[in-house]
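Order of appearance sets the numbers: ligands from 1, and atoms from 1 within every ligand. The basis for the numbers below is simple: all heavy atoms, side chains too, and nothing from hydrogens, waters or symmetry mates.
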Amino acid sequence: MPYEPRVVAGVEITPLCDAVGPMGPPIRKPLPEMFPGSSFGPDEEWVLHFHCYLLRAGGRTVLVDTGIGGADSPATWAPLPGRLGAELAAAGVAPADVDVVVVTHLHSDHAGGCVVDGAPAYPNARYVLQRAEVEWASGPVRERIVAPLGESLDVIDGDAEAVPGVRVLHAPGHTPGHQCVAVGDVLISGDLLHHPAQLADLSIRYVYDEDPDLAVRTRRDLLARAAVLAPAHFPQPFTVLRENR
Ligand SMILES: [Zn+2]
Ligand SMILES: [Zn+2]
């Protein structure tokens, strides 16, 4: 079942849990190699949550990320299949109801559910992606996700308003066109950071960031402006950074 929603600046934010589980082969590594410079217990295991976020803003329905996708997803390292469809249904949303899909980036655990049977999974939605991300995409991602979106693709350059009250912020580093979503002082942060250890120390890099130094600068910049974080992979869907609300 979906988590309890939070209402911020008139926008209802409902976290949806697509999956929970450890990272599997082929990309699993010990935690100290995933997050160099951070310390972990000897038997500490990283159990990832895979969160998407449903926004209801002034009669418009926005979905942030499309999850892992079905059993045929390219995210073979993630718990398959994702259950986003059931989560959306439990929240009373059919795929055709979604007006806007914001894809934080084109990694398979965020974009794996964009396309079903070669067509956009959300048939009435425009799919908001950064130009830098679309240009960076190659191989199966381009063929299986970007190309089938066709006319549904809404390519933006930098920050933009997805719908009134919902802003998209270019947040490069993890990938060139990674983007976050800001609703008031809540930051739906995608893969801006991955593990709570990176919140304790913002300089902790993640082994799969495309540009780790840029990722650190972006992290510092965006976290300084947020009061509540809604990250994709933390155990909790919301983390309060400061109580100045
Ligand atoms: Zn990612
Ligand atoms: Zn991710």
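In this structure, Glu45 places its CD atom where more than 12 heavy-atom neighbours from other residues, nucleotides or ligands lie under 6.0 Å away.
Counting only residues at least two apart or in different chains, salt bridge (charged side-chain N to carboxylate O under 4.0 Å, His left out) contacts with residues 186-196 are absent.
Salt-bridge annotation for Arg205 and Asp209: absent, with no side-chain N of the basic residue lying under 4.0 Å from a carboxylate O of the acidic one.
No donor-acceptor contact under 3.5 angstrom links the side chains of His49 and Asp18, judged on distance only. A donor and an acceptor atom, one from each side chain of Thr61 and Asp97, are nowhere located under 3.5 Å apart.
When each of His178, His105, His174 is checked for a ring-ring contact (aromatic ring centres under 6.0 Å, His included) with His110, only His105 meets the rule.
Protein N/O/S atoms found under 2.8 Å from the Zn ion (ligand 1), listed by chain and residue number: His105 NE2, His107 ND1, His174 NE2, Asp191 OD2.
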